[in-house]
Amino acid sequence: MSVQQFAVFGHPIRHSLSPRIHQAFAAQFDIALDYQTIDATTEEFPAAVQRFFADGGRGANVTLPHKAAAFALATEHTPAARRAGTANVLTPLPDGRLAAHNTDGIGMLRDMTVRQGIDLRDRHVLLLGAGGAARGVAWNLLDAGIATLVIANRSPDAANALTAALDDPARVGTCRWEALADAGPPDLIVNATSAGVLGGSLQLPPTLLRDGASCYDLSYGAAANSFLAWARNAGARRTADGLGMLLETAADAFELWHGRLPDTGPVYRMLRPSS
Ligand code: NDP
């Protein structure tokens with residue numbers, strides 16, 4: 001029997017940890033699988049996905065910048081994918097069509113609350129960014145019982161659109177990027193911008209944070225350094241990057257494809273031996 005084929009699509013994608021993560025999960029259950037990275041530009045993405053599944057692909061992860069395109073390629077959408085309008089996992093349906101899933105929000109929550117010990121109930125949260133990742137996590141923050149959510153994005157239109165989609169005016173509002181100094185002080189800042197990945201920094205006002213707050217960056221590794229260093233200097237008590245989120249979202253994709261939920265703990269320690 002041939003080995004099952006899986007892949008992650010993105011652009012760029014060469015440095016993705018997903019192949020190592022999925023092979024480590026598979027080893028927990030003695031499953032043999034092939035997991036590739038497929039670099040596809042925006043123009044190439046739809047045909048590359050169709051080809052992968054036509055050739056027998058059993059499942060795909062999708063990352064920057066293709067999450068909205070992945071959603072559009074699918075004909076069935078889970079509720080989490082539908083409300084976000086983006087997908088990070090694609091699975092084939094028996095008739096050749098595709099189903100879209102979004103495990104970003106639930107994966108972030110599990111990492112934040114279980115691994116990082118951040119209590120979200122009744123908290124005031126500032127969400128930086130209003131792109132695909134912010135859309136993937138915003139509803140889950142509200143589901144977790146936060147008190148308020150303020151969304152700030154460099155381009156205000158995207159923040160306004162996400163706020164309107166969330167449709168919870170009692171808890172959700174926006175703040176102009178230039179007025180961030182007046183936004184707080186939040187209990188938790190979630191950085192869902194791609195500034196770190198793109199090699200930029202956020203230029204946040206030093207007075208934004210109060211002592212003892214938590215800061216969480218969806219980016220991980222070097223891409224999170226700038227924001228998390230700012231957070232520590234500004235007095236954050238807890239800081240975390242998005243490596244744990246990546247693992248939790250991968251675990252949910254693995255369960256969708258193989259029917260088994262892997263233990264993310266040993267894989268987290270493998271990827272971050274200092275933890
Ligand atoms: P998008 O391209 O969809 O959105 C990017 C967002 O970042 C936009 O809101 C954009 O604002 C903002 N932004 C970019 N540069 C700057 C800057 N210099 N200053 C202020 N804002 C900026 O990307 P995604 O939402 O898909 O991804 C965002 C990040 O989340 C990435 O780093 C990605 O790696 C990470 N991520 C991590 C996951 C994990 O599992 N750990 C899962 C998903 C995402 P504007 O609208 O004004 O351009």
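For ligands, and for the atoms within them, numbers begin at 1 and follow the listed sequence.
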Colleague: Check M112, M108, R115 against E248 for a side chain to side chain contact (heavy atoms under 4.5 Å, CB included) and give me the one that passes.
Modeller: R115

Colleague: Look at atom CZ of R237 and say whether more than 12 heavy atoms of other residues, nucleotides or ligands are closer to it than 6.0 Å.
Modeller: no

Colleague: Report yes if the side chains of P186 and V125 come closer than 4.5 Å at any heavy-atom pair, otherwise no.
Modeller: no

Colleague: For H77 and F71, I'd like to know if the aromatic rings sit close, meaning centre-to-centre distance below 6.0 Å.
Modeller: yes

Colleague: Got the residues with a heavy atom under 4.0 Å of ligand 1, by chain and number?
Modeller: L64, K67, D104, G129, A130, G131, G132, A133, N153, R154, S155, W177, A192, T193, S194, A195, V197, L202, L218, S219, Y220, G242, M245, L246

Colleague: Is the centre of the F45 ring less than 6.0 Å from the centre of the H66 ring?
Modeller: yes

Colleague: Please output the side-chain donor-acceptor pairs of residues 157-166 that fall under 3.5 Å, not counting sequence neighbours, one pair per line with the distance.
Modeller:
residue	atom	partner	partner atom	Å
N160	ND2	P156	O	3.4
T163	OG1	A159	O	2.8

